[in-house]
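Here is how names work: the chains are called A, B, and so on, in the same order as the sequence lines, proteins then strands, and each is numbered from 1. Since this is a predicted model, take the numbers as computed values, not measurements.
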Amino acid sequence: MLNCLIVNDLIVTQPREFYSRPTLEVARDLLGAPLLRRLSNGEILTGRILEVEAYTHDDPACHAFRGKTERCKIMFGPAGYVYVYFIYGMYWCLNVVTEQEGVAGAVLIRAVDTPHGNGPGKLCRVWDINRQQYGLDLCDSNSEIYIARSEPLPDREVEVSTRIGLKDAQDRVWRFFVKNHGGVSGLKRSSAPRIVHPK
DNA sequence: GGGCCGATTGTT
DNA sequence: ACAATCGGCCCG
């Protein structure tokens, strides 16, 4: 694994302060970070994060928009924990909790640089991520899922667009992905999000 | 308890 | 363009 911070053979995770920031900043800085998943048989899967979307408490598309429920309660707690939800009767989606404790926010992991890791539902299917991983601490390298500390990608490698698959709040340019990388999701879809180029 | 709907995906 | 498939959420 390239570009992980490794001290005494231990992979150093992103500290909690990395996640306890505005959701949009965390989302953008997660690009390029190595995501690690330790399976029950001890095997470790790794992949760089290629595509993310931000969801905030004042965002109609956010599960926490209408307040705390059994499903989204983790989003109101401290940052750096795993939020997973079930969607369309078939798929699980992996998120990381953001913001200060008491403020709901999360970043959806939409793609990683690994085989069949393009798309949030496919990633969780291939990496065996489901409700059992709800609430895992990403800041603990003993967790089944954690994220290694790494330098953020330079702006020239980052592209932004509107989010995918939403009915509400389609105007927000809150999707971040690695530019010119074939591993991002939705490349063959006609309902492509609106890509916004820097001036 | 009922009914609607969804942060997806693969196929037509 | 549409089906698959079912838990969460809101309402009453």
**Prompt:** Any side-chain heavy atom of E17(A) within less than 4.5 Å of one from Y19(A)?
**Reply:**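 No, side chains not in contact.
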**Asked** Do R125(A) and Y91(A) have side chains that get closer than 4.5 Å, going by heavy atoms?
**Response** yes
**Message:** Can you identify which nucleotide, out of dA7(B), dC10(C), dT9(B), has its nearest atom closest to the K122(A) side chain?
**Reply:**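 Nearest nucleotide to the side chain: dT9(B).
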Separation of atom [atom1] in [X] from atom [atom2] in [N], rounded to whole Å:
| X | N | atom1 | atom2 | result |
| --- | --- | --- | --- | --- |
| R71(A) | dC9(C) | CZ | P | 4 Å |
| Y85(A) | dC9(C) | OH | C1' | 15 Å |
| H63(A) | dG7(C) | NE2 | P | 16 Å |
| K167(A) | dT8(B) | NZ | C1' | 15 Å |
| M90(A) | dT11(B) | CE | P | 12 Å |
| Y91(A) | dA4(C) | OH | C1' | 8 Å |
| R66(A) | dC5(B) | CZ | C1' | 11 Å |
| F86(A) | dC9(C) | CZ | P | 14 Å |

**Prompt:** How would you label the contact of G121(A) with the nucleic acid (heavy atoms, under 4.0 Å): base, sugar-phosphate, or nothing?
**Reply:**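 Sugar-phosphate: the residue G121(A), judged by heavy atoms under 4.0 Å, touches backbone atoms but no base.
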**Message:** Using a 4.0 Å heavy-atom cut-off, does R125(A) contact any base of the nucleic acid, only the sugar-phosphate backbone, or nothing at all?
**Reply:** sugar-phosphate
**Sole residue of V52(A), T23(A), D155(A) in side chain to side chain contact (heavy atoms under 4.5 Å, CB included) with R28(A)** = D155(A)
**Distance-only donor-acceptor test, Y88(A) side-chain atoms vs dA4(C) base atoms, 3.5 Å** =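 Result: no qualifying N/O pair found.
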**Message:** Below 30° counts as parallel, above 60° as perpendicular, anything between as tilted: where do the rings of F86(A) and W92(A) land?
**Reply:**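 If you compare the ring of F86(A) with that of W92(A), the planes turn out tilted.
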